[in-house]
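Down below is the structure, laid out as structure tokens.
Just so it is clear, the structure is predicted and the values come from calculations on it, not from any experiment.
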Amino acid sequence: MIYRALLGVVCFSGFALAQQQPPQPGQLASSEVVSNRSEAKWQRMSVKEKLRYDSRHLFDIDNFVFAGIGAAFDQARDRPGQWGQGWGAYSERYASHIGQYMVQRSIMYPVQAIDHEDTRYFRSKHTNYGARAGDAFLHTVWRHSDDGGFMPAYSEFFGDYGAAAISRQWWPDKYHTASAIFIAGSDTILIDGAINVFHEFSPDIKRWVHFSR
């Protein structure tokens with residue numbers, strides 16, 4: 001319950017920030033390209049470039065790490081209980097998360113190609129840690145569009161809840177319900193928000209590790 005309540009706060013806060021301080025083109029910089037935010041500028045990608053980008057990042061290690069974390073949460077909550085406990089059960093849950101992730105990505109790409117959405121993560125220009133974390137979560141549901149503006153992250157919603165609906169089919173029958181699909185999809189949005197926070201702060205972590213040596 002606390003887990004999903006946090007998701008609600010995150011999404012509400014993100015939309016509130018979008019209303020109060022709408023981002024402007026060029027305000028955000030790509031974490032993939034440079035760590036200095038002032039050096040990066042947004043550039044539109046073609047459909048082919050989006051496909052190359054998605055293919056290149058499909059097997060990023062952090063996606064598999066977070067799948068492991070999601071499987072650990074399911075193991076701790078004994079979901080689904082029919083799979084039991086132990087390393088064998090954890091492997092089954094981990095495989096389920098990987099399968100759900102692959103379905104999610106296969107849905108997100110055609111949606112972003114149709115609605116002209118840019119799913120790349122762009123780092124915040126803020127220097128305050130709280131504001132940067134807020135921007136990272138906001139980016140989960142509010143993204144660049146191909147015309148240089150901003151738009152709701154439709155590919156995120158279709159991908160997360162579509163993958164949840166499909167992945168519940170290999171779970172036990174009691175999870176073949178609308179509420180189970182909603183919970184699974186919402187959990188994925190929260191996990192994707194956490195991945196964005198990781199992308200936002202990973203350059204800082206690298207610097208801290210470097211300076212501590």
Side-chain angles (χ1 to χ4, degrees), residues 3-4 6-8 10-11 14-15 30-32 45 47-75 77 79-80 83 90-122 136-146 150-172 175-200 202:
Y3 187 64
R4 290 187 289 276
L6 178 59
L7 169 67
V10 165
C11 292
F15 280 115
S30 173
S31 61
E32 177 191 347
M45 290 196 301
V47 173
K48 185 179 293 186
E49 288 171 331
K50 289 180 180 180
L51 179 58
R52 284 201 298 264
Y53 177 86
D54 277 12
S55 299
R56 188 166 67 248
H57 291 278
L58 180 63
F59 298 105
D60 280 352
I61 186 64
D62 53 296
N63 295 318
F64 293 90
V65 170
F66 275 91
I69 294 173
F73 271 116
D74 284 347
Q75 186 96 341
R77 296 180 293 179
R79 294 182 61 248
W83 291 359
Y90 177 79
S91 298
E92 194 168 2
R93 292 183 173 99
Y94 182 72
S96 175
H97 274 268
I98 294 297
Q100 183 175 340
Y101 166 69
M102 294 299 179
V103 174
Q104 175 206 35
R105 301 306 300 182
S106 68
I107 294 173
M108 289 180 71
Y109 175 74
V111 173
Q112 65 170 297
I114 293 170
D115 71 359
H116 303 288
E117 181 183 338
D118 188 340
T119 61
R120 290 175 294 178
Y121 179 71
F122 290 82
F137 274 116
L138 173 62
H139 196 276
T140 311
V141 296
W142 189 254
R143 294 175 178 163
H144 273 286
S145 61
D146 284 347
F150 289 84
M151 62 181 292
Y154 294 114
S155 66
E156 181 77 27
F157 298 121
F158 278 103
D160 291 351
Y161 289 104
I166 293 173
S167 66
R168 294 313 93 170
Q169 299 309 304
W170 61 68
W171 281 44
Y175 294 96
H176 298 178
T177 63
S179 61
I181 292 170
F182 177 77
I183 291 171
S186 300
D187 285 351
T188 303
I189 291 178
L190 184 58
I191 291 172
D192 286 351
I195 291 175
N196 283 343
V197 172
F198 171 76
H199 288 159
E200 175 65 34
S202 58

message: Going by ring-ring contact (aromatic ring centres under 6.0 Å, His included), name the residues that satisfy it together with Y94, two or more places apart in sequence or in a different chain.
response: none
- prompt: Looking at residues at least two apart in the chain, or sitting in another chain, which of them share a side-chain hydrogen bond (donor to acceptor under 3.5 Å, both in side chains) with N196?
  reply: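 Checked N196 against side-chain hydrogen bond (donor to acceptor under 3.5 Å, both in side chains); matches are T140.
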message: For residues 150-171, which residue pairs pass the salt bridge (charged side-chain N to carboxylate O under 4.0 Å, His left out) check, not counting sequence neighbours?
response: R143-E156
Nearest-0.5 Å distance that lies between atom [atom1] in [X] and atom [atom2] in [Y]:
X    : Y    : atom1 : atom2 : result
M108 : E117 : CE    : CD    : 7.0 Å
Q104 : I166 : CD    : CD1   : 11.5 Å
H144 : R120 : NE2   : CZ    : 8.0 Å
T177 : F182 : OG1   : CZ    : 12.0 Å

Nearest heavy-atom neighbours spanning [X] and [Y]:
X    : Y    : answer
F150 : S145 : N-OG, 3.8 Å
A180 : Y175 : CB-O, 3.3 Å
G185 : A164 : N-CB, 3.5 Å
Q100 : S167 : OE1-OG, 3.4 Å
H139 : T119 : CE1-O, 4.3 Å
D115 : S155 : OD2-N, 4.3 Å

message: Donor-acceptor pair, distance only, cut-off 3.5 Å: does the side chain of R93 make one with the backbone of R79?
response: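 Pair found, side chain donor or acceptor close to backbone of R79.
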- prompt: Parallel, tilted or perpendicular: which fits the ring planes of W83 and W171, with parallel below 30° and perpendicular above 60°?
  reply: tilted
F64 and Y101 aromatic ring geometry - parallel, tilted or perpendicular at 30°/60° bounds: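 Because their plane-to-plane angle is over 60°, the rings of Y101 and F64 count as perpendicular.
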- prompt: Taking C-beta and beyond as the side chain, do D187 and L190 meet within less than 4.5 Å on heavy atoms?
  reply: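 Of all side-chain heavy-atom pairs linking L190 with D187, none is under 4.5 Å.
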task: Could you check Y161 against S186 for side-chain contact (heavy atoms from CB on, under 4.5 Å), going step by step and ending with a plain yes or no?
output: CA-CA 8 Å; Y161 289 104; S186 300; 2.8 Å; yes
- prompt: Can you check side-chain contact (heavy atoms from CB on, under 4.5 Å) on D192 and F66, steps first, answer last?
  reply: CA-CA 9 Å; D192 286 351; F66 275 91; over 6 Å; no
Heavy atoms from other residues, nucleotides or ligands near CZ of F158 exceed 12 (cutoff 6.0 Å):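 Open.
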